[in-house]
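Read the structure below first, then the notes.
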Amino acid sequence: MAGGQHKDIENGEINGLEDLEKPLVVQKKVVAYEDEDDEADNGDGGSMAMVLLSTFVAVCGSFEFGSCVGYSAPTQSAIREDLKLSLAEYSMFGSVLTIGGMFGAITSGRIADFLGRKGAMRMSAVFCIIGWLAVYFSKGAYSLDVGRVFTGYGIGVFSYVVPIFIAEIAPKNLRGGLTTLNQLLIVTGSSVAFLVGSVISWRSLALAGLVPCIFLLVGLCFIPESPRWLAKVGRDKEFQPALRRLRGKDADIAHEAAIIQVYIKNLETLPKSKLLDLFQSNYIHSVIIGVALMIFQQFGGINGIGFYASQTFESAGLSSAKIGTIAYACVQVPITVVGAILMDKSGRRPLIMVSATGTFFGCFFTEFSFFLKGHDLFPEWAPLLAAGGVLIYVAAYSIGMGAVPWVIMSEIFPINIKGVGGSLVVLVNWSGAWAVSYTFNFLMTWSSSGTFFVYSGFSILTILFVAKFVPETKGKTLEEIQACVNSKGSTQLQ
């Protein structure tokens, strides 16, 4: 790296990248024919089939994520009884998943950059398999915790690499909807684990956790690596064949390939990214957006409300907490499907603001129900109001807040800092998940209505932040997003 180039970076003038729009425009003139963007993005039927297959394989990791998260809820009584665990020991087993996830988050970006997107998913699946087997053969608390840490590490890496991989292979007009499948399969895995765990033993449920890992490992043999990653690491002989497999054998990939290569060449002028590089003026806007969205996602209370939904229903006086919890599990999946459909129609910004508005009202109704219960007012209505509030919350969360932050995270970082930037964002997410799940019971002891009041406040902050700072990325290639952000600021995206 030449000293002059490094000096330019420190002054906020990145050689080539600040004028990235110019070579993109020139390239469009060189390959000038009508509707070329649509042709490059959509290809033919064969290309769509490979994109869908690749997405399906990747979201097996998302389903595994959900299976790990949902495992502890239906198995608590059986595991404690069989292994003679105290409540504290089981609480450690449940929460240690997030600690493993934090370590996975810290290393996820570097692993995905070093091993490739497929290599990172393979490694994650192996960690999850080891973890599930440790849980299955457990005779005491220690092996349970070790297995839980291994599965936590695996899904920590999955939480980064799956949306990144999908975003890098998908056509721009379908990127939002396909990336949203990550969240859909997470909630599906969680719901399936809860429902299946209600009818089979905890050891059998641990073995069932191996199934999505096996599907993933087999499926990875039949799909291409991310063309953008191949171009980034200089594997040019594999780059165009991978892109052609995704876009179809008869598709003209020259335009898209040229855009990616021009973008990569500009990035090669930059130094190797470090954590401190994220705070340069060129990247700080992306970092603020990614980190803030994950903070709002988690501190809106999803893990506290989700992990302890049954307890919340019982505290509110609902006669059948189990029915309420099953309704909670079932409502996530269809609403997340709706969110996936709307992602590339309504755009990211409107969807997340509508979602945050819904979580606010869900928290408000639940908060109000506990207020009524605490003052012994309308005792027959308070439980129903709490149940309705929680279900409104989870429905609103599933339609936008669950998926949109991950989609934006996969889009907003330029590829040269995507590894370190993604790791930071995922680490923030897992740290928030641990903080909320750990403090929920303490907050409920302090004040049930106050707990949901705090969560509703974060929903309001989400709406204000998105309205002011978050760009609309719908319908733009990853290169176009970065060209606008780095050369003229986020206002070009809105």
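Everything numeric in this text was worked out from a predicted model, so none of it was measured.
- A salt bridge is absent between Arg80 and Glu89; no separation between the charged side-chain nitrogens and carboxylate oxygens falls under 4.0 Å.
- How far CG of Leu207 is from CZ of Phe137: 7.5 Å, rounded to the nearest 0.5 Å.
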**Request:** Run the numbers on Phe413 and Ile289 for side-chain contact (heavy atoms from CB on, under 4.5 Å), then give the verdict.
**Result:** CA-CA 10 Å; Phe413 289 115; Ile289 291 172; over 6 Å; no
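- The shortest distance between side-chain heavy atoms of Pro224 and Ser54 falls below 4.5 Å.
- Residues Pro405 and Leu293 share a closest heavy-atom pair of CB-CB, 4.0 Å.
- Remark: the backbone N or O of Phe442 is not paired with any side-chain donor or acceptor of Thr439 at under 3.5 angstrom.
- Using a 4.5 Å cut-off on side-chain heavy atoms (C-beta onward), Ile302 and Tyr393 make contact.
- Remark: side-chain polar atoms of Thr359 are not paired, donor with acceptor, to backbone N or O of Tyr397 under 3.5 angstrom.
- By the 30° and 60° cut-offs, the orientation of the rings of Phe465 relative to Phe469 is tilted.
- In terms of heavy-atom proximity, Ala125 sits nearest to Cys213 at O-SG, 3.9 Å.
- Side-chain atoms of Leu220 and Met121, non-hydrogen and from C-beta on, do get closer than 4.5 Å to each other.
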**Message:** Would Thr55 and Ile169 count as a side-chain contact (heavy atoms from CB on, under 4.5 Å) here? Give the steps.
**Reply:** CA-CA 9 Å; Thr55 302; Ile169 66 168; 4.2 Å; yes
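- By the 4.0 Å N-to-carboxylate-O rule, Lys232 lies close enough to Asp113 to be salt-bridged with it.
- Of all non-hydrogen atoms in Gly347 and Leu351, the two that sit nearest each other are O-CB, 3.4 Å.
- Closest of all the heavy-atom pairs between Ser143 and Gly140 is OG-O, 3.3 Å.
- A cation-pi contact, defined as under 6.0 Å to the ring centre and within 45° of the axis, links Arg148 to Phe93.
- Atoms OG and CG, on Ser138 and Leu85 in that order, are 9.5 Å from each other to the nearest 0.5 Å.
- Listed for the Gln298 side chain is no donor-acceptor partner under 3.5 Å among the backbone atoms of Asn303.
- Looking at Phe299 and Leu461, their side chains never come closer than 4.5 Å, going by heavy atoms from C-beta outward.
- With a 4.5 Å cut-off on side-chain heavy atoms, Pro171 and Val51 count as touching.
- For the atom pair CD1 of Ile412 and CZ of Arg348, the computed distance is 10.5 Å after rounding to the nearest 0.5 Å.
- From Lys237, atom NZ reaches atom CG of Leu230 across 14.0 Å, with rounding to the nearest 0.5 Å.
- Checked by atom type, the side-chain pair Ser124/Tyr153 shows no donor-acceptor distance below 3.5 Å.
- Test Trp430, Trp406, Tyr160 against Phe65 for ring-ring contact (aromatic ring centres under 6.0 Å, His included) and you get one pass: Trp430.
- In this structure, CD1 in Ile352 is found 9.5 Å from CZ in Phe296, a value given to the nearest 0.5 Å.
- Minimum interatomic distance between Ile335 and Ser398 (heavy atoms only, all atoms of both residues): CG2-CB, 4.0 Å.
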**Request:** Just do the side-chain contact (heavy atoms from CB on, under 4.5 Å) check on Leu52 and Leu178 with the steps written out, would you?
**Result:** CA-CA 8 Å; Leu52 292 176; Leu178 292 178; 4.0 Å; yes
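- A donor-acceptor contact closer than 3.5 angstrom is absent between the side chains of Ser456 and Ser459.
- Salt bridge Glu168/Arg117: present, at least one basic N to carboxylate O contact under 4.0 Å.
- Counted by atom type alone, Trp132 and Glu64 present one or more donor-acceptor pairs between their side chains at under 3.5 Å.
- Formation of a donor-acceptor pair under 3.5 Å by the Ser67 side chain with backbone atoms of Phe63 is found in this model.
- Side-chain contact check for Val337 versus Ile341: some heavy-atom pair is nearer than 4.5 Å.
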**Verdict with reasoning, Phe452 to Met444, per side-chain contact (heavy atoms from CB on, under 4.5 Å)** = CA-CA 9 Å; Phe452 286 90; Met444 290 289 284; 4.0 Å; yes
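- Between Arg228 and Phe239 the shortest side-chain heavy-atom distance does not fall below 4.5 Å.
- Between the OG1 atom in Thr75 and the CH2 atom in Trp202 there is a gap of 8.5 Å [rounded to 0.5 Å].
- A distance-only check finds a donor-acceptor pair linking the side chain of Thr107 to the backbone of Phe103 [under 3.5 Å].
- When atom types are taken as modelled, the side chain of Gln297 and the backbone of Gly402 share a donor-acceptor pair closer than 3.5 angstrom.
- Residues Leu217 and Cys221 share a closest heavy-atom pair of O-SG, 3.6 Å.
- The environment of CZ in Phe150 is sparse: at most 12 heavy-atom neighbours from other residues, nucleotides or ligands sit within 6.0 Å.
- Side chains of Phe158 and Cys128 form a contact here, defined as non-hydrogen atoms less than 4.5 Å apart.
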